[in-house]
Number of protein chains: 2
Amino acid sequence: MASEGRLYRSVLNKMRELIDSGEYPPGGRLPPERELAERFGVSRPTIREAIIALEALDQVRVKTGSGVYVLETKPGLHDIDPTVSPFELTEARALIEGEAAAQAASMITDEQLERLETALNDMAEESVDGHLTSELADQQFHQIISEATQNKMLAAVIDNLWYVRDNSPKIRRAHQSICETDGRTRVKEHQEIYDALKRRDPSEARKAMHAHFARLLNKLIAANESEQIEEARRRAVESRQRFSLDHLVAQPQSTR
Amino acid sequence: MASEGRLYRSVLNKMRELIDSGEYPPGGRLPPERELAERFGVSRPTIREAIIALEALDQVRVKTGSGVYVLETKPGLHDIDPTVSPFELTEARALIEGEAAAQAASMITDEQLERLETALNDMAEESVDGHLTSELADQQFHQIISEATQNKMLAAVIDNLWYVRDNSPKIRRAHQSICETDGRTRVKEHQEIYDALKRRDPSEARKAMHAHFARLLNKLIAANESEQIEEARRRAVESRQRFSLDHLVAQPQSTR
DNA sequence: TGCGTAAATTGGTAAGACAGAATGTACAGC
DNA sequence: GCTGTACATTCTGTCTTACCAATTTACGCA
């Protein structure tokens, strides 16, 4: 299953999806705890945990005895430009993290290499079932590299890119639609980055990082295309239905 | 009491206090749920809720079967880190704006090239007397390039770098100490970037951008060195004066 | 219109079964 | 006697079921 160790996290993710997708719009009320518990097939305390996490993330406000209400997302607080597309973000990450990897290759310490290896193992171990640990290991991997550049400004910029990735609803959704099917490929790509860093080869490190993001970008593009095809098909069916309806009511004149 | 509607919040606050006060240092482990429940006089689910909120706030990491561990608090992602040095910033700008220039070289429009030329002229005209217009033209030049990448994320990152440059006191001071003496060199460097962009040559554009920042970095280093020498001299004078003062009061016994 | 009760909803607790991780212990082999 | 491995125990977080309390909201009735 989508089990990731702790149950409430899986519930949390599903709820965030529902909120992001507009199922529960800002200002609206979530279903009661008991109903959610039944719907997700978990107990009520677990739902409560997910709601509390949601509350801590400022996505929701709980009013005792009344219900839990969706807050409007305030992107202005951390100024994420909502018009930034997943493609732009990934391209920017490719360029910037590519340079970071090259920089890190000539600066990285043995201790940091060890931590990279740990993260790599975590990624490989959990790549089968749980996404959470795998995701976390992924993030740690990249963070260690940015730290290894010994440039706090560069590290801060990269942190910011991850923040945008995790907090822009549009981008979150795009990633969720592709992050299920990968697995060994991702581990292999990170392995190649690690190898280049271990050899202290800046050029190869940059190249491996670019390759990693290039694949990600291609997946995003493919997912977007199939989504658009799906959308087009849906519209086609819709208009066909409308046409047939028009035909039934038999209005020979008006095309509308 | 400290009750604020929901019990877990009061527990959460107490725990945060304990963590902040150093009672539970980063890397350390919190007491087990059952013990905390007894200590705070609440039930275990309530403790769990508080821990989950703590986890959502990135203050704590839960390891199943082992315990809950305190994370080191990261400085705010979006505040300017005051420990970032002018060198780090300039290095980061070199890498990132270098890639931006390469990207821009293959995407830039004729209209943007025109605006670059205008900025270049402004820079050249004013390079003799007024620094203000020249500074502004410089910033515009770089902004047009980041815009030409057609990547809003990359442009936002570069904007952020300029913001740090303009708003970190330490970095502002460092720049002011070197920005007076340049002149034709800077214009010439920007001219070379412009030429590469006009030829639509990514590699040369990157190279020219790197050269620009490399010179800036060297100047910063030189200024820093001379500043440190100055500082050392000042201290030498100071200690010499103190020595002579000690000598004047003529205390043969105590070394203080 | 105003008030009071009932329904709906979240808040909190208790007790226990379960699973993973750490720890201690005993036994086998050297 | 010493060491290392295998097993058992204990510790710890995970999740459930069941129950009652407190608060808000809705509705009916006067």
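Just so it is clear, the values below take in all heavy atoms, side chains as well, and ignore hydrogens, waters and symmetry mates. Letters A, B, ... are given to chains in the order of the sequence lines, protein chains preceding strands, and every chain is numbered from 1.
Across the interface with DNA chain D, nearest-nucleotide mapping of A/K63 and A/Y8 shows A/Y8 to be the residue nearer the 5′ end.
Between B/E33 atom CD and D/dC15 atom C1' the separation is 11 Å, expressed in whole Å. Between the P atom of D/dT17 and the CD atom of A/E38 lies a distance of 12 Å, rounded to the nearest Å.
Listed nucleotides D/dT12, C/dG12, D/dT23 differ in distance to B/P32; the shortest reach to its side chain belongs to D/dT12. Among the nucleotides C/dG11, C/dT13, D/dG13, the one closest to any side-chain atom of B/T64 is D/dG13. Candidate nucleotides C/dT13, D/dT16, C/dA22 were compared by shortest atom distance to the side chain of B/S66, and C/dA22 ranks first. Of all nucleotides listed (C/dG12, D/dT14, D/dT12), C/dG12 comes nearest to the side chain of B/L7.
At D/dT14, one or more side-chain N or O atoms of B/R48 fall inside 4.0 Å of OP1 or OP2 (strictly under the cut-off).
For the 3.5 Å distance criterion, the side chains of A/N151 and A/Q103 fail to qualify, holding no donor opposite an acceptor. Side-chain atoms of B/Y69 and B/S66 form a donor-acceptor pair, as typed in the model, at a separation below 3.5 Å. Side-chain contact, A/E49 with B/Y8: no donor N or O sits under 3.5 Å from an acceptor N or O.
With hydrogens and angles left out, the side chain of A/R6 and the base of D/dG13 share no donor-acceptor pair within 3.5 Å. Residue-to-nucleotide contacts include no donor-acceptor pair under 3.5 Å from the side chain of B/R44 to the base of C/dG12.
No side-chain donor-acceptor contact under 3.5 Å links A/T46 to the backbone of A/V42.
Within the 4.0 angstrom heavy-atom criterion, base atoms lie near A/S43.
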